[in-house]
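Worth knowing before you read on, the calculation uses all heavy atoms, side chains too, and leaves out hydrogens, waters and symmetry mates.
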Amino acid sequence: MKAISSIKAKSVLQLIDSHVAAKLLRPRLAQILESYKSKIEIYSFKESSPHEHMIYANNYLNYGELKVIGFDLDYTLVSYTPELQTLIYNLARNQLVNVYGYPQDLGNLQFDPNFAIRGLSVDARFGTLGKLSHLQRLASNRTYIGKKEITPEEMLSLYGDRHISYGDLNMMRPLNDLFSVAEGCLIADTMELFLSRAKRTGESFVATSIVDDVQKAISDVHINGSMQGEVLSDPQRYIKNSPDLGNMLTHVKESGKQSFLCTNSTFAYSNRAMNHALGLKAESTEWRDLFDVVICSAKKPDFYKSRQPFREYDTVRRSPTTSPVVKLERGKVYVQGSADALQRATGWKTNQVLYLGDNLRADLVEARRWHGWHTGCIIDELGTEIATSQSPPCKELHFLRSTLRNLMYDLQLEMQRPKQMSAELDSSHVNRIDTGCSQEVKMVRLGAHFETHDEAVLCAIESEMHAINAQLSKLYNPHFGSVFRTDGHPSLFAFAVLRYVDLYMSDVTNLLHYNPQHRFYPYHSMHMAHDPASLSTSVPNTRVP
(Lines give C-alpha, C1' and ligand atoms only; values in the text may rest on other atoms or scores of the structure.)
Protein backbone atom coordinates (compact mmCIF):
# COMPACT_ATOMS: atom_id res chain seq x y z
CA MET A 1 0.00 0.00 0.00
CA LYS A 2 1.27 3.48 -0.89
CA ALA A 3 0.05 6.79 0.51
CA ILE A 4 -0.64 9.82 -1.63
CA SER A 5 2.32 12.18 -1.77
CA SER A 6 2.54 14.05 -5.08
CA ILE A 7 3.00 17.76 -5.67
CA LYS A 8 -0.47 17.84 -7.23
CA ALA A 9 -2.01 16.30 -4.09
CA LYS A 10 -0.31 18.96 -1.96
CA SER A 11 -1.67 21.61 -4.32
CA VAL A 12 -5.22 20.30 -3.85
CA LEU A 13 -4.81 20.23 -0.07
CA GLN A 14 -3.47 23.79 -0.10
CA LEU A 15 -6.46 24.89 -2.18
CA ILE A 16 -8.84 23.43 0.42
CA ASP A 17 -6.90 24.92 3.33
CA SER A 18 -6.87 28.39 1.78
CA HIS A 19 -10.63 28.49 1.28
CA VAL A 20 -11.34 27.15 4.78
CA ALA A 21 -8.85 29.54 6.38
CA ALA A 22 -10.39 32.55 4.63
CA LYS A 23 -13.58 31.96 6.68
CA LEU A 24 -15.71 33.41 3.91
CA LEU A 25 -17.75 30.27 3.32
CA ARG A 26 -20.77 29.22 5.34
CA PRO A 27 -19.88 26.64 8.03
CA ARG A 28 -21.47 23.69 6.25
CA LEU A 29 -19.37 24.30 3.11
CA ALA A 30 -16.21 24.49 5.20
CA GLN A 31 -17.15 21.19 6.82
CA ILE A 32 -17.53 19.53 3.42
CA LEU A 33 -14.09 20.82 2.34
CA GLU A 34 -12.52 19.53 5.56
CA SER A 35 -14.19 16.14 5.04
CA TYR A 36 -12.70 15.78 1.57
CA LYS A 37 -9.31 16.93 2.82
CA SER A 38 -9.33 14.02 5.24
CA LYS A 39 -10.17 11.58 2.43
CA ILE A 40 -7.20 12.78 0.39
CA GLU A 41 -4.83 12.63 3.37
CA ILE A 42 -5.68 9.02 4.24
CA TYR A 43 -5.88 7.71 0.68
CA SER A 44 -3.58 4.85 -0.25
CA PHE A 45 -3.49 2.44 -3.18
CA LYS A 46 -2.29 -1.03 -4.01
CA GLU A 47 0.30 -1.54 -6.70
CA SER A 48 -0.92 -3.97 -9.35
CA SER A 49 0.23 -5.51 -12.60
CA PRO A 50 -1.54 -5.00 -15.95
CA HIS A 51 -3.97 -7.69 -17.11
CA GLU A 52 -1.93 -8.72 -20.14
CA HIS A 53 -4.40 -11.23 -21.57
CA MET A 54 -7.64 -9.38 -20.83
CA ILE A 55 -10.43 -9.05 -23.41
CA TYR A 56 -12.75 -6.10 -22.76
CA ALA A 57 -16.44 -6.14 -23.68
CA ASN A 58 -18.59 -3.20 -24.74
CA ASN A 59 -21.61 -5.45 -25.27
CA TYR A 60 -22.77 -8.80 -24.00
CA LEU A 61 -21.41 -11.57 -26.20
CA ASN A 62 -21.84 -15.32 -25.74
CA TYR A 63 -18.67 -16.74 -27.27
CA GLY A 64 -20.19 -20.22 -27.19
CA GLU A 65 -22.95 -19.20 -29.60
CA LEU A 66 -20.49 -17.95 -32.21
CA LYS A 67 -19.90 -20.40 -35.05
CA VAL A 68 -17.38 -18.45 -37.12
CA ILE A 69 -14.32 -16.33 -36.25
CA GLY A 70 -12.81 -14.13 -38.97
CA PHE A 71 -9.40 -12.45 -38.88
CA ASP A 72 -7.67 -9.57 -40.60
CA LEU A 73 -3.93 -9.97 -41.26
CA ASP A 74 -1.93 -6.77 -40.60
CA TYR A 75 -1.73 -5.73 -36.94
CA THR A 76 -4.21 -8.51 -36.14
CA LEU A 77 -2.72 -11.94 -36.87
CA VAL A 78 0.60 -10.43 -37.88
CA SER A 79 2.18 -7.89 -35.53
CA TYR A 80 5.02 -5.60 -36.50
CA THR A 81 8.07 -4.16 -34.80
CA PRO A 82 8.45 -0.37 -34.43
CA GLU A 83 10.85 -0.54 -37.38
CA LEU A 84 7.85 -0.74 -39.74
CA GLN A 85 6.74 2.80 -38.85
CA THR A 86 10.21 4.11 -39.69
CA LEU A 87 10.14 2.19 -42.99
CA ILE A 88 6.75 3.63 -44.02
CA TYR A 89 7.89 7.12 -43.08
CA ASN A 90 11.15 6.87 -45.04
CA LEU A 91 9.54 5.37 -48.15
CA ALA A 92 6.79 8.00 -48.24
CA ARG A 93 9.28 10.81 -47.55
CA ASN A 94 11.42 9.64 -50.47
CA GLN A 95 8.31 9.40 -52.65
CA LEU A 96 7.55 13.05 -51.93
CA VAL A 97 11.05 14.07 -53.01
CA ASN A 98 11.57 11.75 -55.97
CA VAL A 99 8.05 11.62 -57.44
CA TYR A 100 6.16 14.66 -56.17
CA GLY A 101 9.06 17.09 -56.56
CA TYR A 102 9.36 18.21 -52.95
CA PRO A 103 12.54 19.98 -51.78
CA GLN A 104 15.63 17.83 -51.35
CA ASP A 105 16.06 18.86 -47.72
CA LEU A 106 12.83 16.98 -46.97
CA GLY A 107 14.95 13.86 -47.41
CA ASN A 108 16.76 14.68 -44.17
CA LEU A 109 13.63 14.31 -42.04
CA GLN A 110 13.60 11.48 -39.51
CA PHE A 111 10.66 9.61 -37.99
CA ASP A 112 9.92 10.46 -34.35
CA PRO A 113 8.26 7.40 -32.74
CA ASN A 114 7.18 9.45 -29.70
CA PHE A 115 5.21 12.12 -31.55
CA ALA A 116 1.95 10.93 -33.14
CA ILE A 117 -0.59 8.40 -31.87
CA ARG A 118 -3.51 6.50 -33.34
CA GLY A 119 -6.85 8.34 -33.27
CA LEU A 120 -5.68 11.79 -34.36
CA SER A 121 -7.36 13.86 -37.05
CA VAL A 122 -5.58 16.03 -39.60
CA ASP A 123 -7.41 19.15 -40.75
CA ALA A 124 -6.72 19.33 -44.48
CA ARG A 125 -7.55 23.06 -44.53
CA PHE A 126 -4.77 24.16 -42.19
CA GLY A 127 -2.51 21.12 -41.87
CA THR A 128 -3.19 20.95 -38.14
CA LEU A 129 -2.98 17.69 -36.24
CA GLY A 130 -5.20 17.21 -33.21
CA LYS A 131 -7.46 14.91 -31.27
CA LEU A 132 -11.25 15.18 -31.21
CA SER A 133 -13.50 14.23 -28.33
CA HIS A 134 -16.76 12.34 -28.80
CA LEU A 135 -18.43 15.76 -28.67
CA GLN A 136 -16.54 16.76 -31.85
CA ARG A 137 -14.44 19.25 -29.92
CA LEU A 138 -10.71 19.63 -30.38
CA ALA A 139 -8.53 19.16 -27.33
CA SER A 140 -8.08 22.45 -25.47
CA ASN A 141 -4.35 21.99 -25.96
CA ARG A 142 -2.41 19.30 -27.79
CA THR A 143 -3.24 20.59 -31.29
CA TYR A 144 -0.22 21.04 -33.53
CA ILE A 145 0.67 22.80 -36.73
CA GLY A 146 3.97 21.36 -37.81
CA LYS A 147 5.78 20.32 -34.62
CA LYS A 148 4.60 23.37 -32.68
CA GLU A 149 1.56 23.35 -30.41
CA ILE A 150 -0.79 26.12 -31.48
CA THR A 151 -1.41 28.95 -29.03
CA PRO A 152 -4.82 29.72 -27.47
CA GLU A 153 -5.02 32.74 -29.76
CA GLU A 154 -4.35 30.60 -32.83
CA MET A 155 -6.92 28.05 -31.61
CA LEU A 156 -9.52 30.81 -31.25
CA SER A 157 -8.71 32.17 -34.71
CA LEU A 158 -8.88 28.78 -36.45
CA TYR A 159 -11.58 26.96 -34.47
CA GLY A 160 -13.47 29.43 -32.28
CA ASP A 161 -14.92 27.42 -29.39
CA ARG A 162 -13.14 24.28 -30.72
CA HIS A 163 -16.35 22.62 -31.90
CA ILE A 164 -16.00 21.00 -35.32
CA SER A 165 -19.33 21.30 -37.11
CA TYR A 166 -20.77 18.41 -39.07
CA GLY A 167 -20.09 20.36 -42.27
CA ASP A 168 -16.40 20.78 -41.41
CA LEU A 169 -15.98 17.24 -40.09
CA ASN A 170 -15.32 15.89 -43.59
CA MET A 171 -12.15 18.01 -43.65
CA MET A 172 -10.92 16.30 -40.46
CA ARG A 173 -9.29 13.16 -41.80
CA PRO A 174 -8.99 10.42 -39.18
CA LEU A 175 -5.76 8.49 -38.58
CA ASN A 176 -7.30 5.41 -37.00
CA ASP A 177 -4.80 2.57 -37.43
CA LEU A 178 -1.16 2.03 -36.57
CA PHE A 179 -0.07 2.42 -40.19
CA SER A 180 -1.20 6.05 -39.90
CA VAL A 181 1.16 6.93 -37.02
CA ALA A 182 3.98 7.42 -39.53
CA GLU A 183 1.55 9.40 -41.71
CA GLY A 184 0.73 11.83 -38.89
CA CYS A 185 4.40 12.35 -38.14
CA LEU A 186 5.28 12.97 -41.81
CA ILE A 187 2.45 15.50 -42.19
CA ALA A 188 3.70 17.40 -39.12
CA ASP A 189 7.34 17.30 -40.26
CA THR A 190 6.54 18.40 -43.81
CA MET A 191 4.35 21.25 -42.53
CA GLU A 192 7.16 22.28 -40.17
CA LEU A 193 9.65 22.40 -43.04
CA PHE A 194 7.38 24.60 -45.17
CA LEU A 195 6.51 26.85 -42.22
CA SER A 196 10.23 27.37 -41.56
CA ARG A 197 10.87 28.14 -45.22
CA ALA A 198 7.98 30.60 -45.30
CA LYS A 199 9.30 32.38 -42.21
CA ARG A 200 12.79 32.51 -43.68
CA THR A 201 12.03 33.38 -47.33
CA GLY A 202 8.41 34.55 -47.39
CA GLU A 203 7.54 31.69 -49.74
CA SER A 204 3.87 30.74 -49.42
CA PHE A 205 2.37 27.24 -49.57
CA VAL A 206 -1.03 25.55 -49.54
CA ALA A 207 -1.57 23.35 -46.49
CA THR A 208 -4.28 21.28 -48.18
CA SER A 209 -1.90 20.34 -50.99
CA ILE A 210 0.75 19.22 -48.52
CA VAL A 211 -1.74 17.03 -46.63
CA ASP A 212 -3.04 15.57 -49.90
CA ASP A 213 0.46 14.82 -51.20
CA VAL A 214 1.64 13.19 -47.97
CA GLN A 215 -1.45 10.99 -47.83
CA LYS A 216 -1.01 10.03 -51.49
CA ALA A 217 2.65 9.19 -50.87
CA ILE A 218 1.66 6.99 -47.91
CA SER A 219 -0.95 5.28 -50.11
CA ASP A 220 1.63 4.79 -52.88
CA VAL A 221 3.93 2.97 -50.45
CA HIS A 222 1.18 0.41 -49.77
CA ILE A 223 -0.20 0.12 -53.30
CA ASN A 224 3.06 -0.04 -55.29
CA GLY A 225 4.36 -2.86 -53.10
CA SER A 226 7.51 -1.07 -51.94
CA MET A 227 6.67 -1.49 -48.26
CA GLN A 228 5.75 -5.15 -48.67
CA GLY A 229 8.92 -5.79 -50.67
CA GLU A 230 11.12 -4.30 -47.95
CA VAL A 231 9.33 -6.25 -45.23
CA LEU A 232 9.66 -9.56 -47.06
CA SER A 233 13.32 -8.93 -47.80
CA ASP A 234 14.00 -8.79 -44.06
CA PRO A 235 10.99 -10.24 -42.18
CA GLN A 236 13.02 -10.74 -39.01
CA ARG A 237 13.45 -6.97 -38.77
CA TYR A 238 9.83 -6.02 -39.30
CA ILE A 239 7.54 -8.93 -38.33
CA LYS A 240 7.21 -10.19 -34.78
CA ASN A 241 7.32 -13.90 -34.20
CA SER A 242 4.16 -14.95 -32.35
CA PRO A 243 4.63 -18.20 -30.40
CA ASP A 244 0.97 -18.30 -29.31
CA LEU A 245 -0.57 -17.53 -32.72
CA GLY A 246 -0.69 -21.13 -33.97
CA ASN A 247 -2.02 -22.33 -30.61
CA MET A 248 -4.77 -19.74 -30.68
CA LEU A 249 -5.90 -20.64 -34.20
CA THR A 250 -5.81 -24.33 -33.28
CA HIS A 251 -7.81 -23.53 -30.13
CA VAL A 252 -10.50 -21.88 -32.28
CA LYS A 253 -10.57 -24.88 -34.62
CA GLU A 254 -10.74 -27.45 -31.82
CA SER A 255 -13.57 -25.58 -30.12
CA GLY A 256 -15.77 -26.48 -33.10
CA LYS A 257 -15.80 -23.03 -34.65
CA GLN A 258 -14.98 -22.30 -38.28
CA SER A 259 -12.50 -19.58 -39.14
CA PHE A 260 -11.53 -17.44 -42.09
CA LEU A 261 -8.82 -14.99 -43.07
CA CYS A 262 -9.98 -11.86 -44.90
CA THR A 263 -7.21 -9.39 -45.72
CA ASN A 264 -6.56 -6.62 -48.21
CA SER A 265 -2.98 -7.85 -48.57
CA THR A 266 -1.94 -9.95 -51.54
CA PHE A 267 -1.53 -13.70 -51.19
CA ALA A 268 2.23 -13.49 -51.82
CA TYR A 269 2.62 -11.12 -48.89
CA SER A 270 0.12 -12.90 -46.62
CA ASN A 271 1.83 -16.25 -47.22
CA ARG A 272 5.31 -15.02 -46.22
CA ALA A 273 4.03 -12.91 -43.33
CA MET A 274 1.98 -15.73 -41.81
CA ASN A 275 4.80 -18.21 -42.18
CA HIS A 276 7.24 -15.90 -40.40
CA ALA A 277 4.77 -15.06 -37.61
CA LEU A 278 4.15 -18.78 -37.04
CA GLY A 279 7.82 -19.73 -37.28
CA LEU A 280 7.34 -21.83 -40.45
CA LYS A 281 9.47 -22.05 -43.59
CA ALA A 282 8.97 -19.23 -46.07
CA GLU A 283 7.04 -21.26 -48.66
CA SER A 284 5.12 -23.52 -46.27
CA THR A 285 1.39 -24.02 -46.88
CA GLU A 286 0.65 -25.36 -43.38
CA TRP A 287 -0.87 -22.13 -42.10
CA ARG A 288 -3.71 -22.35 -44.62
CA ASP A 289 -4.93 -25.53 -42.91
CA LEU A 290 -5.78 -23.44 -39.86
CA PHE A 291 -8.59 -21.66 -41.78
CA ASP A 292 -11.74 -22.88 -43.48
CA VAL A 293 -11.61 -19.99 -45.96
CA VAL A 294 -8.66 -17.80 -47.05
CA ILE A 295 -9.47 -14.48 -48.78
CA CYS A 296 -6.77 -12.08 -50.00
CA SER A 297 -6.93 -8.75 -51.89
CA ALA A 298 -10.40 -8.28 -50.38
CA LYS A 299 -10.63 -4.50 -50.92
CA LYS A 300 -12.26 -3.75 -47.58
CA PRO A 301 -14.36 -1.75 -46.76
CA ASP A 302 -15.93 -2.14 -50.26
CA PHE A 303 -15.90 -5.89 -49.53
CA TYR A 304 -18.84 -5.31 -47.17
CA LYS A 305 -20.90 -3.19 -49.56
CA SER A 306 -20.54 -4.94 -52.93
CA ARG A 307 -21.94 -8.23 -54.25
CA GLN A 308 -18.81 -9.10 -56.22
CA PRO A 309 -18.12 -12.86 -56.60
CA PHE A 310 -14.88 -14.54 -55.58
CA ARG A 311 -12.16 -15.71 -57.92
CA GLU A 312 -9.84 -18.57 -57.08
CA TYR A 313 -6.17 -17.66 -56.83
CA ASP A 314 -3.77 -20.09 -58.54
CA THR A 315 -0.83 -20.23 -56.13
CA VAL A 316 1.39 -21.91 -58.74
CA ARG A 317 0.75 -19.51 -61.62
CA ARG A 318 0.41 -16.65 -59.10
CA SER A 319 -2.69 -15.21 -60.72
CA PRO A 320 -6.47 -15.44 -60.22
CA THR A 321 -8.74 -17.47 -62.45
CA THR A 322 -11.22 -15.63 -64.64
CA SER A 323 -14.30 -17.61 -63.64
CA PRO A 324 -16.40 -16.59 -60.63
CA VAL A 325 -16.50 -19.03 -57.72
CA VAL A 326 -19.69 -20.18 -56.03
CA LYS A 327 -18.35 -22.84 -53.65
CA LEU A 328 -15.48 -22.09 -51.25
CA GLU A 329 -13.16 -24.97 -50.32
CA ARG A 330 -10.69 -25.45 -47.48
CA GLY A 331 -7.05 -25.26 -48.59
CA LYS A 332 -7.74 -22.99 -51.57
CA VAL A 333 -7.13 -19.25 -51.79
CA TYR A 334 -9.68 -16.72 -53.03
CA VAL A 335 -9.36 -13.07 -53.99
CA GLN A 336 -11.72 -10.07 -54.09
CA GLY A 337 -15.31 -11.22 -53.50
CA SER A 338 -17.70 -9.73 -50.95
CA ALA A 339 -19.25 -10.43 -47.55
CA ASP A 340 -22.52 -11.13 -49.34
CA ALA A 341 -20.88 -13.77 -51.55
CA LEU A 342 -19.10 -15.24 -48.51
CA GLN A 343 -22.34 -15.69 -46.60
CA ARG A 344 -24.17 -17.16 -49.60
CA ALA A 345 -21.37 -19.66 -50.27
CA THR A 346 -20.99 -20.80 -46.65
CA GLY A 347 -24.48 -20.37 -45.23
CA TRP A 348 -23.05 -18.57 -42.20
CA LYS A 349 -25.60 -16.57 -40.24
CA THR A 350 -24.57 -12.98 -39.63
CA ASN A 351 -25.19 -13.05 -35.87
CA GLN A 352 -22.89 -16.06 -35.50
CA VAL A 353 -19.83 -14.34 -37.01
CA LEU A 354 -17.15 -12.49 -35.03
CA TYR A 355 -14.63 -10.58 -37.14
CA LEU A 356 -11.39 -9.29 -35.64
CA GLY A 357 -9.33 -6.46 -37.12
CA ASP A 358 -7.37 -3.34 -36.20
CA ASN A 359 -8.77 -0.71 -38.58
CA LEU A 360 -12.17 0.65 -37.58
CA ARG A 361 -13.07 1.99 -41.02
CA ALA A 362 -11.68 -0.81 -43.20
CA ASP A 363 -12.35 -3.82 -40.98
CA LEU A 364 -15.13 -3.25 -38.48
CA VAL A 365 -17.58 -0.38 -39.00
CA GLU A 366 -19.11 -1.62 -42.25
CA ALA A 367 -19.05 -5.25 -41.09
CA ARG A 368 -21.35 -4.16 -38.26
CA ARG A 369 -23.49 -1.68 -40.21
CA TRP A 370 -24.05 -3.70 -43.37
CA HIS A 371 -24.13 -7.25 -42.07
CA GLY A 372 -24.59 -7.19 -38.31
CA TRP A 373 -21.41 -9.16 -37.67
CA HIS A 374 -20.00 -9.10 -34.18
CA THR A 375 -16.70 -7.23 -34.17
CA GLY A 376 -13.48 -7.23 -32.19
CA CYS A 377 -10.77 -4.57 -32.35
CA ILE A 378 -7.08 -5.30 -31.84
CA ILE A 379 -5.54 -2.21 -30.23
CA ASP A 380 -1.82 -2.86 -29.93
CA GLU A 381 -1.13 0.14 -27.68
CA LEU A 382 -3.85 -0.88 -25.21
CA GLY A 383 -1.30 -2.80 -23.16
CA THR A 384 0.90 0.27 -22.78
CA GLU A 385 -2.10 2.46 -21.92
CA ILE A 386 -3.24 0.03 -19.21
CA ALA A 387 0.28 -0.19 -17.75
CA THR A 388 0.38 3.61 -17.60
CA SER A 389 -3.06 3.84 -15.98
CA GLN A 390 -1.96 1.38 -13.26
CA SER A 391 1.23 3.25 -12.45
CA PRO A 392 1.27 5.03 -9.05
CA PRO A 393 1.36 8.60 -10.49
CA CYS A 394 -1.60 7.88 -12.76
CA LYS A 395 -3.65 6.17 -10.04
CA GLU A 396 -3.09 9.11 -7.75
CA LEU A 397 -4.18 11.65 -10.35
CA HIS A 398 -7.29 9.61 -11.19
CA PHE A 399 -8.17 9.51 -7.49
CA LEU A 400 -7.70 13.27 -7.13
CA ARG A 401 -9.82 13.95 -10.20
CA SER A 402 -12.71 11.75 -9.09
CA THR A 403 -12.51 13.17 -5.55
CA LEU A 404 -12.68 16.75 -6.82
CA ARG A 405 -15.66 15.87 -9.03
CA ASN A 406 -17.53 14.49 -6.04
CA LEU A 407 -16.49 17.49 -3.95
CA MET A 408 -17.95 19.87 -6.54
CA TYR A 409 -21.21 17.94 -6.51
CA ASP A 410 -21.57 18.05 -2.73
CA LEU A 411 -20.54 21.70 -2.48
CA GLN A 412 -22.99 22.77 -5.16
CA LEU A 413 -25.82 20.80 -3.55
CA GLU A 414 -25.19 22.67 -0.29
CA MET A 415 -24.76 26.03 -2.07
CA GLN A 416 -28.23 25.76 -3.57
CA ARG A 417 -29.82 25.72 -0.11
CA PRO A 418 -30.79 29.10 1.34
CA LYS A 419 -28.67 30.21 4.28
CA GLN A 420 -31.49 29.86 6.78
CA MET A 421 -32.13 26.26 5.74
CA SER A 422 -29.70 24.29 7.88
CA ALA A 423 -29.33 20.53 8.01
CA GLU A 424 -31.83 20.56 10.91
CA LEU A 425 -34.50 22.34 8.86
CA ASP A 426 -37.98 21.16 9.78
CA SER A 427 -38.98 18.91 6.92
CA SER A 428 -42.69 19.55 7.52
CA HIS A 429 -42.28 23.08 6.12
CA VAL A 430 -40.70 21.75 2.98
CA ASN A 431 -43.25 18.98 2.58
CA ARG A 432 -46.06 21.51 2.36
CA ILE A 433 -44.45 22.80 -0.84
CA ASP A 434 -44.18 19.54 -2.72
CA THR A 435 -44.78 16.17 -1.14
CA GLY A 436 -43.78 14.24 -4.26
CA CYS A 437 -40.02 14.71 -3.99
CA SER A 438 -37.19 13.71 -1.69
CA GLN A 439 -36.20 16.25 0.97
CA GLU A 440 -32.85 16.82 -0.81
CA VAL A 441 -34.59 17.84 -4.04
CA LYS A 442 -37.17 19.98 -2.19
CA MET A 443 -34.38 21.91 -0.53
CA VAL A 444 -32.76 22.56 -3.90
CA ARG A 445 -36.02 23.97 -5.24
CA LEU A 446 -35.89 26.62 -2.50
CA GLY A 447 -32.32 27.49 -3.50
CA ALA A 448 -30.91 30.99 -3.78
CA HIS A 449 -28.23 32.45 -6.08
CA PHE A 450 -24.64 31.47 -5.44
CA GLU A 451 -22.60 33.89 -3.41
CA THR A 452 -19.33 35.32 -4.73
CA HIS A 453 -17.24 33.10 -2.47
CA ASP A 454 -19.25 30.04 -3.54
CA GLU A 455 -18.38 30.65 -7.17
CA ALA A 456 -14.76 31.32 -6.31
CA VAL A 457 -14.27 27.93 -4.68
CA LEU A 458 -15.97 26.11 -7.60
CA CYS A 459 -13.80 27.97 -10.12
CA ALA A 460 -10.67 27.10 -8.14
CA ILE A 461 -11.60 23.40 -8.08
CA GLU A 462 -12.41 23.41 -11.81
CA SER A 463 -9.02 25.00 -12.51
CA GLU A 464 -7.35 22.26 -10.45
CA MET A 465 -9.30 19.64 -12.44
CA HIS A 466 -8.01 21.07 -15.74
CA ALA A 467 -4.45 20.93 -14.39
CA ILE A 468 -4.93 17.30 -13.35
CA ASN A 469 -6.29 16.40 -16.81
CA ALA A 470 -3.25 18.02 -18.44
CA GLN A 471 -0.87 16.17 -16.14
CA LEU A 472 -2.65 12.86 -16.76
CA SER A 473 -2.48 13.41 -20.50
CA LYS A 474 1.30 13.82 -20.45
CA LEU A 475 1.75 10.48 -18.70
CA TYR A 476 0.40 8.70 -21.80
CA ASN A 477 2.02 10.78 -24.55
CA PRO A 478 3.78 14.14 -24.10
CA HIS A 479 2.18 15.57 -27.24
CA PHE A 480 -1.32 14.12 -27.61
CA GLY A 481 -2.07 12.19 -24.42
CA SER A 482 -4.11 8.99 -24.26
CA VAL A 483 -5.56 7.35 -27.36
CA PHE A 484 -8.85 7.01 -25.50
CA ARG A 485 -9.32 10.39 -23.77
CA THR A 486 -9.60 14.04 -24.80
CA ASP A 487 -9.86 16.68 -22.05
CA GLY A 488 -11.21 14.05 -19.68
CA HIS A 489 -13.87 12.88 -22.18
CA PRO A 490 -13.82 9.82 -24.45
CA SER A 491 -11.90 10.58 -27.63
CA LEU A 492 -13.65 10.28 -30.99
CA PHE A 493 -11.66 7.07 -31.53
CA ALA A 494 -12.83 5.64 -28.19
CA PHE A 495 -16.42 6.61 -29.01
CA ALA A 496 -16.19 4.73 -32.33
CA VAL A 497 -14.83 1.69 -30.50
CA LEU A 498 -17.77 1.86 -28.08
CA ARG A 499 -20.24 2.23 -30.94
CA TYR A 500 -19.00 -0.34 -33.44
CA VAL A 501 -16.98 -2.89 -31.46
CA ASP A 502 -18.19 -5.68 -29.17
CA LEU A 503 -14.78 -6.78 -27.87
CA TYR A 504 -11.35 -5.18 -27.82
CA MET A 505 -7.95 -6.43 -26.75
CA SER A 506 -4.24 -5.70 -27.11
CA ASP A 507 -3.39 -8.97 -28.89
CA VAL A 508 -5.48 -11.45 -30.88
CA THR A 509 -3.83 -14.34 -29.03
CA ASN A 510 -5.70 -13.25 -25.88
CA LEU A 511 -8.49 -15.48 -27.23
CA LEU A 512 -6.34 -18.43 -26.19
CA HIS A 513 -6.98 -17.61 -22.54
CA TYR A 514 -10.79 -17.90 -22.75
CA ASN A 515 -12.74 -21.12 -22.93
CA PRO A 516 -15.03 -21.71 -25.94
CA GLN A 517 -18.18 -21.20 -23.83
CA HIS A 518 -17.12 -17.93 -22.22
CA ARG A 519 -19.68 -15.17 -21.89
CA PHE A 520 -18.37 -11.65 -22.16
CA TYR A 521 -20.19 -9.16 -19.96
CA PRO A 522 -19.67 -5.41 -20.40
CA TYR A 523 -18.03 -3.94 -17.33
CA HIS A 524 -20.10 -0.77 -17.64
CA SER A 525 -23.37 -0.79 -19.56
CA MET A 526 -24.31 2.47 -21.27
CA HIS A 527 -26.89 4.17 -19.05
CA MET A 528 -28.25 7.69 -19.15
CA ALA A 529 -27.81 9.78 -16.01
CA HIS A 530 -31.47 9.43 -14.97
CA ASP A 531 -31.54 5.66 -15.45
CA PRO A 532 -32.18 3.67 -12.23
CA ALA A 533 -29.25 1.42 -13.15
CA SER A 534 -26.99 4.48 -13.00
CA LEU A 535 -28.54 5.91 -9.85
CA SER A 536 -28.27 2.61 -8.01
CA THR A 537 -24.50 2.64 -8.34
CA SER A 538 -24.12 5.99 -6.59
CA VAL A 539 -23.35 6.19 -2.89
CA PRO A 540 -23.05 9.26 -0.63
CA ASN A 541 -20.13 11.49 -1.56
CA THR A 542 -19.32 9.53 -4.74
CA ARG A 543 -21.77 11.11 -7.15
CA VAL A 544 -20.33 12.82 -10.20
CA PRO A 545 -22.14 15.88 -11.58
Side-chain angles (χ1 to χ4, degrees), residues 1-20 29-48 50-51 56 58 133-135 137 139-140 382 385-415 440 457-476 481-491 494-495 498 522-531 533-545:
M1 301 285 286
K2 287 195 174 183
I4 197 163
S5 61
S6 70
I7 294 173
K8 179 51 64 182
K10 293 175 182 176
S11 171
V12 171
L13 293 172
Q14 287 171 0
L15 180 153
I16 292 174
D17 283 339
S18 66
H19 283 279
V20 172
L29 294 178
Q31 290 172 11
I32 293 172
L33 285 169
E34 289 281 15
S35 171
Y36 273 87
K37 177 185 175 183
S38 298
K39 290 180 182 181
I40 294 171
E41 288 176 329
I42 65 173
Y43 169 77
S44 61
F45 59 88
K46 292 181 180 179
E47 293 190 80
S48 56
H51 301 291
Y56 299 88
N58 292 326
S133 76
H134 73 300
L135 302 172
R137 285 173 65 85
S140 55
L382 180 62
E385 292 249 345
I386 292 171
T388 300
S389 68
Q390 293 186 346
S391 67
C394 200
K395 279 188 172 183
E396 190 170 299
L397 288 170
H398 276 296
F399 165 75
L400 288 172
R401 185 172 66 179
S402 65
T403 301
L404 289 180
R405 279 178 176 165
N406 297 334
L407 173 59
M408 286 193 295
Y409 178 92
D410 285 345
L411 286 173
Q412 186 163 248
L413 187 65
E414 182 64 29
M415 289 171 182
E440 187 174 83
V457 70
L458 289 177
C459 287
I461 294 172
E462 287 179 4
S463 178
E464 203 65 55
M465 290 271 290
H466 290 313
I468 288 172
N469 281 335
Q471 198 168 333
L472 267 171
S473 183
K474 288 181 180 179
L475 291 177
Y476 291 94
S482 168
V483 170
F484 301 98
R485 307 294 289 179
T486 303
D487 289 343
H489 298 285
S491 64
F495 182 66
L498 281 168
Y523 183 67
H524 286 297
S525 295
M526 296 179 69
H527 300 297
M528 294 188 71
H530 73 281
D531 194 301
S534 294
L535 298 175
S536 66
T537 62
S538 66
V539 295
N541 295 329
T542 60
R543 295 160 295 190
V544 180

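- Here the CG-OG distance, from L135 to S491, works out to 11.5 Å after rounding to the nearest 0.5 Å.
- Separation of atoms CE (M415) and CG (D410) is listed at 11.0 Å; rounding is to 0.5 Å.
- Residues F484 and A494 share a closest heavy-atom pair of O-CB, 3.4 Å.
- With sequence neighbours left out, the side-chain hydrogen bond (donor to acceptor under 3.5 Å, both in side chains) criterion links R401 to H398, N469.
- Listed by chain and residue number, I117, E381, E385, F493 satisfy the side chain to side chain contact (heavy atoms under 4.5 Å, CB included) test with V483 (two or more places apart in sequence, or in another chain).
- Separation of atoms NZ (K474) and CG (L397) is listed at 12.0 Å; rounding is to 0.5 Å.
- In terms of heavy-atom proximity, L472 sits nearest to C394 at CD2-SG, 3.5 Å.
- With rounding to the nearest 0.5 Å, the separation of NZ in K37 from CD in Q14 is 10.0 Å.
- Under the side chain to side chain contact (heavy atoms under 4.5 Å, CB included) criterion, A30 pairs with no residue, sequence neighbours left out.
- Under the side-chain hydrogen bond (donor to acceptor under 3.5 Å, both in side chains) criterion, S133 pairs with no residue at all, not counting sequence neighbours.
- For the side chain to side chain contact (heavy atoms under 4.5 Å, CB included) test, residues two or more places apart in sequence or in another chain that qualify with T403 are Y36, I40, F399.
- The closest side-chain heavy-atom distance from L33 to L29 is not below 4.5 Å.
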Using residues 457-464 as the side-chain source, report each donor-acceptor pair under 3.5 Å to any protein atom, sequence neighbours left out, with the distance given to one decimal.
from, atom 1, to, atom 2, distance (Å)
E464, OE1, S11, OG, 3.3
E464, OE2, K8, NZ, 2.8
E464, OE2, S11, OG, 3.1

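- How far CG of L13 is from OG of S38: 9.5 Å, rounded to the nearest 0.5 Å.
- Rounding to the nearest 0.5 Å places CG of L411 at 5.5 Å from CD1 of I32.
- By the 4.5 Å heavy-atom criterion applied to side chains, R137 and H489 are not counted as neighbours.
- For the pair R485 and P490, the minimum side-chain heavy-atom distance is below 4.5 Å.
- Taking the side chain to side chain contact (heavy atoms under 4.5 Å, CB included) definition, one finds that S140 meets it with R162, D487, sequence neighbours left out.
- A search for ring-ring contact (aromatic ring centres under 6.0 Å, His included) contacts involving Y56 returns Y504, not counting sequence neighbours.
- Between K395 and S389, the shortest heavy-atom distance links the atoms CG-O, 3.7 Å.
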